[in-house]
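Here's the structure, in structure tokens; my notes come after.
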Amino acid sequence: MSILHILQKNTVESLQVLYGQDFSEQDFQVNQTKPEFEGDYTVVLFSLVKRLKLSPDAIGNALGGHLVKTYPELFTGFNIIKGFLNLSVANSYWISLLEKNHNDVCFGKQAMNGKRVMVEYSSPNTNKPLHLGHLRNNFLGWSVAEILKANGYEVFKSCIVNDRGIHICKSMIAWQLFADGATPASTHTKGDHFVGDYYVKFNDEYKKQVSELMEKGMSKENAEKEAPIMQATQQMLLDWEAGEPDVMELWKRMNSWVYEGFDVTYKNIGSDFDKTYYESNTYLLGKKIVEEGLAKGVFVKDPDNSVWIDLTNDGLDRKIVQRKDGTSVYITQDIGLAQQKYEEYKIDQSIYVIGDEQNYHMKVLKLIAEKLGLPNAENIYHLSYGMVELPTGKMKSREGTVVDADDLVDEMIATAKQHTEDLGKVKDFTTEELASLYKTIGLGAMKFYLLRVDPKKKMIFNPQESIDFHGFTGPFIQYTYARIKSILRKETLQPGASLGADLLPLEKEILITLEQYPTIVMQAGREQNPSAIANYLFHLAQVFNSFYAEHSIANAENESKKQLRLQLSSMTANILKSGTALLGIQVPERM
RNA sequence: GGUCCGGUAGCUCAGCUGGAUAGAGCAUCAGCCUUCUAAGCUGAGGGUCAUUGGUUCGAAUCCAAUCCGGAUCACCA
């Protein structure tokens with residue numbers, strides 16, 4: 001139990017003893033004491049004044065006195081300033097916390113709670129390579145899954161691949177028209193980029209054809225429909241749905257190129273999935289759902305045979321769930337998949353990591369699932385994250401401002417290499433060790449940069465800022481870890497050693513911060529928010545570095561101080577390592 | 001227009017279950033490597049927390065209105 005929680009509980013008990021009244025932990029606030037006052041934790045007394053009809057000073061004196069008297073091993077003194085009761089926590093509490101946990105690499109992890117959760121993330125289209133936006137999604141999804149595991153959930157990572165539809169046919173048509181049989185192998189191109197290039201070619205040709213038709217006097221709207229390449233694409237989609245062998249073969253072939261490329265990227269950035277769903281399989285579930293919904297009266301059929309759901313009573317609109325030609329739309333497939341996930345994994349919660357541009361869509365999905373009476377409908381949760389923008393504005397594929405994921409990863413690794421070489425601290429590393437270090441640092445910088453901000457908010461990706469490895473960055477934390485490990489290699493930590501009874505301010509500050517880690521992990525899990533971890537780790541590293549600059553560990557004043565500081569260092573390193581692991585970031589022993 | 005989200009230092013962001021003088025990083029300026037890794041540390045300057053009103057002992061935080069920015073409202077996914 002956290003010290004904050006203990007203090008809350010003790011306060012409730014004391015108030016009961018002192019005044020015979022039942023208070024709950026929500027009836028008053030406990031904070032960390034501001035540095036300018038004496039004490040460690042502060043009970044804010046104002047909210048108790050009204051109910052007890054006593055002055056803040058009277059309550060503070062009674063409560064402070066009672067706490068110190070009743071829990072002398074915990075509280076050593078108190079003072080009251082303007083309605084704030086400041087309590088000092090005994091050094092022995094902090095020191096025993098350190099003795100117990102300095103070597104526990106699982107500190108902060110919760111026991112299994114028996115709940116099963118699925119986290120769906122990444123969800124790429126197979127017509128173009130991954131970009132910066134996908135990276136935020138991938139890092140977020142992966143990290144949230146790990147954070148939930150640390151909170152005791154059994155987690156399944158899943159991915160729905162959007163592998164069919166008109167956009168896929170566009171790349172296929174363009175390949176037929178322009179590739180002349182070229183393949184990723186023949187052109188030495190990564191498969192997903194190769195296919196993406198034909199998607200671009202499609203759009204170029206389409207634009208050309210539309211403007212040609214418009215020059216001949218056709219309206220823009222008609223030209224967009226009549227352009228031969230678009231007509232061919234629509235025909236191809238029909239052929240695909242009819243299972244036409246040539247089309248299916250080409251589709252499989254081009255998708256396999258894309259998957260080869262994706263695999264490389266996923267492996268590189270450390271994304272993995274327990275289950276991959278393919279839209280080409282799940283879209284058929286739509287029909288069944290629509291029939292059931294019609295039978296239940298949840299859906300209605302219009303005269304033209306299209307099927308709708310009326311959500312106007314829920315403040316939304318009428319929404320189509322099946323086209324008049326009987327084909328299923330995006331949302332229908334999602335309902336089917338939601339059900340399939342539940343049936344296959346018996347999950348208690350289903351999390352969707354999807355951009356906030358789809359807030360409306362996800363609201364509709366959940367509503368429909370509820371109206372259909374799907375068993376886990378109320379546990380569908382949209383983890384909605386903000387878009388990634390550039391300092392110049394939004395990324396636009398038409399304007400070529402999309403930041404490619406593979407390029408970015410390469411750039412970050414190259415930057416890590418450059419910095420490392422400039423500093424020249426690891427000249428004895430082998431080529432393999434260096435390559436691994438560059439990757440650890442480059443990816444660490446990138447992941448931290450994308451995870452350090454609140455996922456719900458849109459963020460700006462500043463290329464210059466992202467390759468700065470100083471300050472609030474991944475490498476700063478990695479560096480702090482490497483520094484500690486350097487000491488721990490040279491000095492011997494003796495587990496049962498006497499640590500003395502005194503704590504210097506900076507030593508105590510580290511301990512107070514270390515103690516918060518389990519609370520932060522819980523908070524990050526509750527909020528599904530990796531940035532809580534990132535902010536915490538940065539703060540911990542900062543506090544440790546201040547301590548490190550101020551006090552010597554190897555040449556401490558005496559042996560018990562040295563052992564105390566070695567244990568502080570060890571526990572800090574463990575938390576830096578396990579915390580960064582929750583963000584998908586590794587820490588190097590040297591850098 | 002309807003719905004939803006956001007506006008905190010020059011820039012990027014914390015803080016938001018109401019609590020003491022609003023915090024970091026970057027950038028700027030001034031210091032600190034003969035002792036454990038300077039990818040570090042110490043200090044300085046920098047704020048009408050969009051605006052106005054309300055709630056109360058107390059508001060960046062809660063409520064309302066206004067202004068500004070964004071997302072979304074397809075027989076696209």
Side-chain angles (χ1 to χ4, degrees), chain A residues 26 29 31 33-34 36-37 42 44-47 49-50 56 81-84 86 123 125 162 164-168 279 302 304-308 315-317 319-325 327-331 333-334 355-361 363-364 384 386-387 389 391 394 416 419-420 422-423 425-426 441 445 449 452-454 456-462 464-466 468-480 482-491 531-532 534-535 538-539 541-542 544-556 562 565-566 569 590-591:
Chain A
Q26 279 81 49
Q29 228 176 69
N31 304 323
T33 304
K34 300 263 173 207
E36 55 268 36
F37 302 102
T42 297
V44 184
L45 300 165
F46 296 106
S47 56
V49 167
K50 214 174 259 177
I81 298 168
K82 292 196 302 181
F84 296 90
N86 302 320
S123 308
N125 290 338
N162 302 117
R164 47 141 248 133
I166 193 85
H167 51 294
I168 311 297
E279 193 190 320
D302 271 13
D304 69 356
N305 253 350
S306 58
V307 182
W308 298 75
L316 305 178
D317 305 307
K319 193 87 189 165
I320 193 157
V321 294
Q322 185 171 291
R323 296 189 187 96
K324 64 186 171 200
D325 64 5
T327 56
S328 73
V329 294
Y330 182 50
I331 192 109
Q333 304 154 27
D334 278 349
D356 62 8
E357 57 193 355
Q358 296 199 42
N359 284 354
Y360 181 80
H361 172 80
K363 214 164 159 182
V364 170
S384 167
M387 297 289 104
E389 295 177 11
K394 291 177 192 172
H419 283 302
T420 305
D422 289 348
L423 290 165
K425 294 179 183 179
V426 288
I441 297 173
Y449 189 88
R452 70 186 194 180
V453 295
D454 187 335
K456 289 192 288 297
K457 296 187 181 172
K458 77 173 180 205
M459 66 171 293
I460 294 182
F461 183 91
N462 184 329
Q464 267 154 26
E465 194 181 274
S466 72
D468 183 2
F469 290 179
H470 303 270
F472 187 25
T473 66
F476 172 87
I477 292 164
Q478 292 171 323
Y479 174 69
T480 308
R483 265 181 149 185
I484 295 174
K485 294 306 275 198
S486 170
I487 296 171
L488 294 176
R489 277 192 297 273
K490 290 171 192 159
E491 304 295 333
S531 80
N535 279 288
F538 173 64
H539 178 240
Q542 223 177 10
F544 186 87
N545 279 322
S546 294
F547 160 80
Y548 179 96
E550 189 71 24
H551 305 291
S552 176
I553 297 164
N555 299 311
K562 182 169 167 178
R565 290 177 186 170
L566 285 171
S569 303
R590 287 177 59 195
M591 67 185 276

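A, B, ... follow the sequence lines: proteins, then strands. Residue 1 opens every chain.
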**OP:** May I ask you to check whether A:Phe476 and A:Tyr479 place their ring centres under 6.0 Å from each other?
**Re:**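 No, too far apart.
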
Return the value, rounded to whole Å, for the distance between atom [atom1] of [X] and atom [atom2] of [N].
{"X": "A:Asp356", "N": "B:rU72", "atom1": "CG", "atom2": "C1'", "answer": "10 Å"}
{"X": "A:Ile81", "N": "B:rC57", "atom1": "CD1", "atom2": "P", "answer": "23 Å"}
{"X": "A:Leu45", "N": "B:rA20", "atom1": "CG", "atom2": "P", "answer": "14 Å"}
{"X": "A:Asn359", "N": "B:rC4", "atom1": "CG", "atom2": "P", "answer": "12 Å"}
{"X": "A:His361", "N": "B:rA77", "atom1": "NE2", "atom2": "C1'", "answer": "8 Å"}
{"X": "A:Asn31", "N": "B:rA22", "atom1": "CG", "atom2": "P", "answer": "16 Å"}
{"X": "A:Ile460", "N": "B:rG7", "atom1": "CD1", "atom2": "P", "answer": "13 Å"}
{"X": "A:Asp317", "N": "B:rU3", "atom1": "CG", "atom2": "C1'", "answer": "9 Å"}

**OP:** Check whether any side-chain N or O of A:Arg565 sits under 3.5 Å from a backbone N or O of A:Ala556 as a donor-acceptor pair, and report yes or no.
**Re:**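 Not confirmed, A:Arg565 side chain does not pair with A:Ala556 backbone.
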
**OP:** Look at the side chain of A:Thr420 and the backbone N and O of A:Ala416, then say whether any donor-acceptor pair between them is shorter than 3.5 Å.
**Re:**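 Indeed, once roles are kept as given, a pair shorter than 3.5 Å links the two residues.
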
**OP:** Mind checking side chain to side chain contact (heavy atoms under 4.5 Å, CB included) for A:His419 and listing every partner two or more places apart, or none if nothing turns up?
**Re:**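 Expected list: A:Thr415, A:Phe469.
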
[N] and [M]: how far apart are their [atom1] atoms, nearest whole angstrom?
{"N": "B:rA44", "M": "B:rA27", "atom1": "C1'", "value": "14 Å"}
{"N": "B:rG45", "M": "B:rA65", "atom1": "P", "value": "41 Å"}
{"N": "B:rG10", "M": "B:rC5", "atom1": "P", "value": "28 Å"}
{"N": "B:rA60", "M": "B:rG6", "atom1": "C1'", "value": "15 Å"}
{"N": "B:rC26", "M": "B:rC41", "atom1": "P", "value": "8 Å"}
{"N": "B:rA64", "M": "B:rA30", "atom1": "P", "value": "50 Å"}
{"N": "B:rU61", "M": "B:rA20", "atom1": "C1'", "value": "16 Å"}

Could you check which of [options] has an atom nearest any side-chain atom of [X]?
{"X": "A:Phe37", "options": "B:rC75, B:rA77, B:rA20", "value": "B:rA20"}
{"X": "A:Asn535", "options": "B:rA77, B:rA14, B:rA20", "value": "B:rA14"}
{"X": "A:Glu36", "options": "B:rG19, B:rA20, B:rU42", "value": "B:rA20"}
{"X": "A:Lys363", "options": "B:rU3, B:rU72, B:rA77", "value": "B:rU3"}

Original post:
Is it true that the side chains of A:Asn162 and A:Tyr330 contain a donor and an acceptor less than 3.5 Å apart?
Top reply: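 The answer is no; no qualifying pair exists.
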
By the 4.0 Å heavy-atom rule, please label [X] as base, sugar-phosphate, or nothing.
{"X": "A:Ile331", "value": "nothing"}
{"X": "A:Tyr330", "value": "base"}
{"X": "A:Thr420", "value": "base"}
{"X": "A:Phe476", "value": "sugar-phosphate"}
{"X": "A:Asp454", "value": "sugar-phosphate"}
{"X": "A:Thr42", "value": "base"}
{"X": "A:Asn462", "value": "nothing"}
{"X": "A:Gln322", "value": "nothing"}
{"X": "A:Val453", "value": "sugar-phosphate"}
{"X": "A:Ser306", "value": "base"}

Original post:
More 5' along RNA chain B: A:Phe461 or A:Arg323, using each one's nearest nucleotide?
Top reply: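 With A:Phe461 and A:Arg323 compared, the 5'-side residue is A:Phe461.
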
Subject >> Cationic N near anionic O, under 4.0 Å, A:Lys456 to A:Asp454 >> reply: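 Between A:Asp454 and A:Lys456 there is a salt bridge, with a charged N closer than 4.0 Å to a carboxylate O.
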
Original post:
So, does the side chain of A:Asn86 form a donor-acceptor pair with the base of B:rA20 at under 3.5 Å?
Top reply: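 In this structure, the two groups form a donor-acceptor pair.
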
Original post:
With a distance cut-off below 6.0 Å to the six-membered ring centre and an angular limit of 45° from the axis, does A:Arg483 pair with A:Tyr548 as a cation-pi contact?
Top reply: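 That pair qualifies as a cation-pi contact.
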
Original post:
Could you walk me through whether A:His361 and A:Asp334 pass the side chain to side chain contact (heavy atoms under 4.5 Å, CB included) check?
Top reply: CA-CA 10 Å; A:His361 172 80; A:Asp334 278 349; 2.9 Å; yes

**OP:** Summarise protein proximity over nucleotides 23-38 of chain B in one line of letters, 5' to 3': B for base, S for sugar-phosphate only, - for none, counting protein heavy atoms closer than 4.0 Å.
**Re:** -SSS---------BBS

Can you check whether [X] has a side-chain N or O nearer than 4.0 Å to OP1 or OP2 of [N]?
{"X": "A:Lys457", "N": "B:rA14", "value": "yes"}
{"X": "A:Ser47", "N": "B:rG19", "value": "no"}
{"X": "A:Gln29", "N": "B:rG19", "value": "yes"}

**OP:** Decide, for B:rC33, between syn and anti: a glycosidic angle within 90° of 0 counts as syn, anything else as anti.
**Re:**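 Base orientation: syn.
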
Subject >> Dot-bracket pairing map - RNA chain B, Watson-Crick plus G-U, both contacts under 3.5 Å, | cross-strand >> reply: ((((((((.[[[[.)...(...]]]].(((((.......))))).....[[[[[..)....]]]]])))))))....

Original post:
Just how far is it from atom OG1 of A:Thr42 to atom CG of A:Leu45, taken to the nearest 0.5 Å?
Top reply: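 Those atoms lie 9.5 Å apart.
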
Original post:
Does the side chain of A:Val321 come within less than 4.5 Å of A:Trp308's, by heavy atoms?
Top reply: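 With C-beta onward as the side chain, the pair stays apart.
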
Original post:
Are A:Phe544 and A:Ile477 side-chain neighbours, meaning at least one heavy-atom pair lies under 4.5 Å?
Top reply: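 A side-chain contact is absent here, since even the closest heavy-atom pair is not under 4.5 Å.
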
Original post:
CD of A:Glu36: more than 12 outside heavy atoms within 6.0 angstrom?
Top reply: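 For A:Glu36, atom CD is crowded (more than 12 foreign heavy atoms under 6.0 Å).
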
